[in-house]
Amino acid sequence: MKIAVKIYLSVIVSLLFVLPIRGQEPNKETIAEEGKYSYQSQSFYEVKTFPQKFKSKNPKNIILLIGDGMGVTQIFAGLTANGGHLFLDNFKHVGFSKTQSANKYVTDSGAGGTAIATGKKANNSAVGVDSESQPVPSIIEVAKKNGLSTGIVVTTDITDATPADFIAHVPLRDMSEEIADAFLKSDIDVFIGAGKKHFTDRKDGRNLLTELTSKGYQVCDTITETENIKEGKIVGLLTEQRVGIRGDQLARTTDVALNILKQNPKGFFLMVEGSKIDDGGHDNNIQYIVEEMLDFDKTVGKALEFASQNGETLVVVTADHETGGLTLVGGDMKAGIVKAKFSTGGHTGVMVPVFAYGPGAELFTGINENTSFFDKFIKELKLNE
Ligand code: MG
Ligand code: ZN
């Protein structure tokens with residue numbers, strides 16, 4: 001009885017403190033002082049709902065979107081900041097991916113992306129090779145061999161670990177010149193990102209952009225230039241910047257890629273990376289994370305729009321790992337406010353989410369290893385390895 005009274009009194013006392021605070025408007029100056037740990041949206045974007053009926057049972061095309069460093073918390077921070085909704089709301093088939101690498105509990109993007117791209121666990125820092133350092137074919141290479149069109153669109157250097165995992169086979173992710181050369185040899189139809197210097201300012205003195213041009217590639221420096229290309233092979237090496245400066249580059253260049261790749265009657269495989277959600281995590285900066293997260297979600301919206309109209313396209317969204325050990329210790333869904341804490345400046349070992357939409361989406365539920373994507377992609381597209 002005594003304990004019950006004590007609890008009752010402590011509830012009353014806490015309510016006295018909490019109630020007046022709840023009624024107050026959030027103070028923008030306080031938020032600014034808190035800097036990297038608090039974020040308030042200035043506006044919300046509208047999220048469309050797409051139909052769940054598709055033309056075929058198996059997809060002809062796959063769009064894989066990878067949010068680098070995007071755990072459940074990064075997604076929920078974005079969802080809160082956009083007033084409670086994301087384009088990701090459209091996904092009815094949801095699962096989890098276990099991200100451990102061959103030699104570490106906590107993976108890096110080299111090993112994490114290699115597992116997704118090739119179906120093989122790799123050691124940290126490795127790119128497109130298995131744990132014995134042997135080259136293993138990526139889904140992009142297998143798709144190309146089967147006559148499909150292929151593409152990669154990112155917001156970081158195109159030679160960075162995640163895109164490299166789909167194209168190159170090197171023991172170390174910082175072998176940028178070798179990775180750039182692998183793009184030249186890959187015969188990939190569309191690749192757009194940053195990192196021009198790895199193609200032009202090289203120790204071996206070669207200019208890979210000249211070589212790409214003579215192979216028939218159309219080389220672009222700006223988003224608008226890429227938008228003027230309507231067919232054929234295209235490489236875009238744009239100025240890498242944070243979302244505030246680069247604007248909606250990821251969504252626009254994803255559109256460019258889709259409009260070119262869709263012309264192949266045999267189908268296509270496109271990988272799109274929200275590369276810098278990870279950078280926000282390393283920086284322990286919630287504003288950086290939310291802006292990159294929402295930029296990525298709008299790109300997911302572009303993919304869904306294409307897939308819903310096309311009817312033969314599977315869209316899969318996942319991450320290579322979580323970054324920052326982000327947790328949300330407060331927020332306001334209506335005002336678009338999130339308050340964050342971080343447990344590390346590095347990556348963490350937690351499962352990351354998987355979302356699938358379109359024909360074949362039901363294969364992507366449950367808790368699976370990050371190596372499971374490759375076989376499912378092969379099966380869905382009916383490719384010969
Ligand atoms: Mg990456
Ligand atoms: Zn990272």
Side-chain angles (χ1 to χ4, degrees), residues 36 64-71 73-75 77 97 99-101 103-118 122-128 138-140 151-168 170 172-176 179-180 182-183 191-195 198 237-238 240-243 246 249-250 253-254 270-286 288-289 291-293 295-297 299-300 316-326 342-353 370 373:
K36 309 203 292 185
L64 168 65
L65 298 109
I66 299 177
D68 197 317
M70 182 188 74
T73 330
Q74 282 77 2
I75 294 171
S97 170
T99 66
Q100 281 61 47
S101 71
N103 67 337
K104 297 279 184 201
Y105 183 76
V106 176
T107 190
D108 79 319
S109 293
T114 295
I116 297 170
T118 71
N123 293 333
N124 280 18
S125 292
V127 162
S138 79
I139 183 63
I140 290 240
I152 294 180
V153 175
V154 301
T155 51
T156 185
D157 284 6
I158 197 78
T159 52
D160 204 17
T162 313
D165 288 328
F166 289 80
I167 289 293
V170 291
L172 294 171
R173 55 185 288 173
D174 58 7
M175 297 169 71
S176 308
I179 294 168
F183 272 93
F191 61 104
I192 305 174
H198 304 301
L237 297 174
L238 319 175
E240 180 201 345
Q241 297 286 3
R242 273 174 67 168
V243 66
R246 73 167 188 266
Q249 173 187 317
L250 190 61
T253 53
T254 296
L270 171 65
M271 194 285 281
V272 177
E273 185 196 23
S275 317
K276 290 176 165 285
I277 303 167
D278 179 63
D279 297 39
H282 285 296
D283 197 25
N284 282 191
N285 183 332
I286 192 62
Y288 196 164
I289 289 173
E291 286 175 357
E292 291 292 338
M293 180 64 226
D295 181 60
F296 180 67
D297 182 63
T299 308
V300 169
V316 176
V317 182
T318 192
D320 49 358
H321 53 74
E322 193 274 347
T323 306
L326 171 63
F342 297 89
S343 65
T344 174
H347 302 166
T348 66
V350 295
M351 301 189 289
V352 291
N370 54 3
F373 292 97

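Residue numbers count from 1 along this sequence. Computed over heavy atoms, backbone and side chain alike; hydrogens, waters and symmetry mates excluded. Whatever order the structure lists ligands and atoms in, that order sets their numbers, starting from 1.
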### Task
Indicate if the distance from the Zn ion (ligand 2) to the nearest N, O or S atom of Asp108 falls below 2.8 Å.
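Of the N, O and S atoms in Asp108, none lies under 2.8 Å from the Zn ion (ligand 2), which means no.
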### Message
Regarding His347, does it place an N, O or S atom less than 2.8 Å from the Zn ion (ligand 2)?
### Response
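His347 does place an N, O or S atom closer than 2.8 Å to the Zn ion (ligand 2).
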### Message
If we ignore hydrogens and angles and just use 3.5 Å, is the side chain of Ser275 paired with the main-chain N or O of Thr155 as donor and acceptor?
### Response
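At least one qualifying donor-acceptor pair exists.
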### Query
Hey, is the main chain of Ala111 close enough, under 3.5 Å, to the side chain of Asp108 for a donor-acceptor pair?
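Here the side-chain-to-backbone pair exists.
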### Message
Looking at every non-hydrogen atom in both residues, tell me the closest pair between Gly67 and Ile277 and how far apart they are.
### Response
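For Gly67 and Ile277, the tightest heavy-atom pair comes out as CA-CD1, 4.0 Å.
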### Query
Where do Asp320 and Ile116 come nearest, in terms of heavy atoms and distance?
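So the two residues come closest at CA-CD1, 4.3 Å.
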### Query
Hey, is there an N, O or S on Glu273 sitting under 2.8 Å from the Mg ion (ligand 1)?
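True for Glu273.
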### Query
Hey, mind stepping through His321 and Ser109 against side chain to side chain donor-acceptor pair (under 3.5 Å) and telling me if it holds?
CA-CA 7 Å; His321 53 74; Ser109 293; 3.1 Å; yes
### Message
Need one value: angle at the Zn ion (ligand 2), His282 atom NE2 versus Asp278 atom OD2, rounded to 10 degrees.
### Response
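Taking the Zn ion (ligand 2) as the apex, I get 90° for this pair.
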### Message
Test of geometry: compute the angle OD2(Asp68)-the Mg ion (ligand 1)-OG1(Thr162) and round it to 10°.
### Response
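Seen from the Mg ion (ligand 1), OD2 and OG1 are separated by roughly 100°.
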